[in-house]
Amino acid sequence: MLNQDFYLLNFTEKTMRDDSNTFMYLVGGIILLHFLVGFIWLIVKFSKKKEE
């Protein structure tokens with residue numbers, strides 16, 4: 001049983017290492033999209049405040 005758990009852990013680690021570039025690009029894309037949406041929201045919010 002302990003041997004099977006080690007094999008599963010090793011397989012998961014190997015899979016994550018193979019897909020690490022894709023995973024990092026996905027995380028980076030989400031972070032950049034979050035910043036972009038946040039800055040657009042701030043620009044819209046402050047633009048509306050100045051017009052009032």
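Count residues from 1 along the sequence.
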| said: Using the rule that Ile, Leu, Val, Met, Phe, Trp and Tyr join whenever any side-chain heavy atoms are under 4.5 Å apart, tell me whether Leu26 and Leu32 fall into a single cluster. | reply: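 No; tracing contacts between hydrophobic side chains, which count when under 4.5 Å, never links both residues.
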
| query | Mind checking whether Ile31 and Phe23 sit in one hydrophobic cluster, side chains of I, L, V, M, F, W, Y counted as touching below 4.5 Å? | reply |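 Yes, same cluster.
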
| said: Quick check on side chain to side chain contact (heavy atoms under 4.5 Å, CB included): which of Leu36, Ile43, Leu42 does Ile40 satisfy it with? | reply: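 Exactly one pass, corresponding to Leu36.
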
